[in-house]
Number of protein chains: 2
Amino acid sequence: MSALHDHTHCIADALTRADALCAERGARLTALRRRVLELVWSSHRPRGAYAILEDLSQQEGKAAAPLTVYRALEFLVEQGLVHRIESLNAYVGCAAPGDVHSGQFLVCEACGDAAEIDDPGVGAAIDAAAAGRGFRVQRPTVEVRGLCKSCQENPR
Amino acid sequence: MSALHDHTHCIADALTRADALCAERGARLTALRRRVLELVWSSHRPRGAYAILEDLSQQEGKAAAPLTVYRALEFLVEQGLVHRIESLNAYVGCAAPGDVHSGQFLVCEACGDAAEIDDPGVGAAIDAAAAGRGFRVQRPTVEVRGLCKSCQENPR
DNA sequence: GACATGGGTGTTACTTTATAACACCCTGTC
DNA sequence: GACAGGGTGTTATAAAGTAACACCCATGTC
């Protein structure tokens, strides 16, 4: 992720794609859900449910309840618009909603960025390993902690 | 995991291996830590920190503090004797402590069992994917949710 | 043996993350 | 307009994890 990229544009893109996908599927991307999606995208980093909750409360001018956010997030995850990063208890906008993919992440310990990758090799290796053991895969989770390229080059 | 296997023996084995490994490394496997390791192994399933805490409290006859368990678990994870399953917030005994491995799990949604695998193909695919993006891997996490062989054959 | 050192443990309080139960209210349909 | 069903609000609560600080005890040193 470049520090210079047009982030506003990138949020707008995500919302547009979400509108299209939900319309196509007959899923209801309500005002609340759309706003939560926008807040998830407000940085490219994984954000906790309670961080989103705070933003939402601020926008509304009054305290929102945790459930409000969790329910919206649940919908967004179901629709594949948002991924949950298990090892961070946090949520991040999906880079390629609509495409079939499993959600693999390279999570940088230094800058907190979580780069979504969809490496066919990793997916295939998991499928093969599972098949060899008679295990039926439903939802693979791959979260690799480490250091991203830019943090290796510019250590703090 | 067979329902018939000699689980007592299997716990004893884990403790013996832990003793040997810690002695070799000069790590202090104190009575408390050893007891927590035993409780982690008390089933083959992932167990939450608070479940272990309850067992411990019962053994002691008085309520133990969460930190007591968390500190012991931290030690055990550092020593590679126990793995944390991120997507379950739970801990499970390591099947092959001492060996270099990353901790890959096939987690059954039906029976709750978490089979540890160490598939070289999966590890290699992750390394390759990361290397291609200039990412330095520190700790890969692979947790595949699905149905284990036995639960596919005997659905409930 | 006295002493200092450092890791391990106990205790209290607290934060963060997530869910349950139930009522109400829109929205689309007939 | 009546109905059905999903979406939202509200209150309370559960589950998971951490901070700060004091004490204890094994170990090594003199």
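Note that these values count all heavy atoms, side chains included, but never hydrogens, waters or copies made by symmetry. Here is the naming used below: chain letters follow the sequence lines, and residue numbers restart at 1 for every chain. Fair warning: this is a prediction, and the values are worked out from it, not measured in the lab.
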Please give the remaining members of the hydrophobic cluster of Val142(A), linking ILVMFWY side chains under 4.5 Å, ordered by chain and number.
Leu106(A), Ile117(A), Val122(A), Ile126(A), Phe135(A), Val137(A), Val144(A), Leu106(B), Ile117(B), Val122(B), Ile126(B), Phe135(B), Val137(B), Val142(B), Val144(B)
Residues within residues 59-86 of chain B bordering DNA chain D, heavy-atom distance below 4.0 Å
Leu67(B), Tyr70(B), Arg84(B)
Write down the distance between [atom1] ([X]) and [atom2] ([N]), rounded to a whole number of angstrom.
| X | N | atom1 | atom2 | value |
| --- | --- | --- | --- | --- |
| Ile52(A) | dT17(C) | CD1 | P | 11 Å |
| Arg34(B) | dG8(C) | CZ | C1' | 18 Å |
| Leu56(A) | dT8(D) | CG | P | 11 Å |
| Leu88(A) | dA18(C) | CG | P | 11 Å |
| Arg35(A) | dT8(D) | CZ | C1' | 12 Å |
| Asn89(B) | dT17(C) | CG | C1' | 9 Å |
| Arg33(B) | dG8(C) | CZ | C1' | 6 Å |

Could you tell me which residues satisfy salt bridge (charged side-chain N to carboxylate O under 4.0 Å, His left out) with [X], sequence neighbours excluded, listed by chain and number?
| X | result |
| --- | --- |
| Arg133(A) | Asp119(B) |
| Glu54(B) | none |
| Asp127(B) | none |

What are the two closest heavy atoms between Gly134(A) and Gln152(B), and how far apart are they?
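Looking at all heavy atoms of both residues, the shortest contact is O-NE2, 2.9 Å.
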Go along nucleotides 24-29 of chain C 5' to 3' and tag each nucleotide: B for a protein heavy atom under 4.0 Å from its base, S when only backbone or sugar atoms are that close, - otherwise.
------
Counting only distance, no hydrogens or angles, is the base of dA15(D) paired donor-acceptor with the side chain of Tyr50(B) under 3.5 Å?
no
Pairs of donor and acceptor atoms involving the side chains of residues 57-66 of chain B, under 3.5 Å and at least two apart or interchain, shall be tabulated with distances.
from, atom 1, to, atom 2, distance (Å)
Ser57(B), OG, Leu53(B), O, 2.9
Ser57(B), OG, Ala64(B), N, 3.0
Glu60(B), OE2, Arg35(B), NH1, 2.6

Would you sort out whether Leu147(A) and Gln138(B) count as a side chain to side chain contact (heavy atoms under 4.5 Å, CB included), showing the intermediate values?
CA-CA 7 Å; Leu147(A) 280 182; Gln138(B) 286 171 349; 3.8 Å; yes
Where at least one partner belongs to residues 16-43 of chain B, residue pairs that pass ring-ring contact (aromatic ring centres under 6.0 Å, His included), sequence neighbours excluded
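The answer is Trp41(B)-His44(B).
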Mind jotting down which residue pairs meet the salt bridge (Lys or Arg N to Asp or Glu O under 4.0 Å) criterion with at least one end in residues 7-22 of chain A? Sequence neighbours excluded, please.
Asp19(A)-Arg34(A)
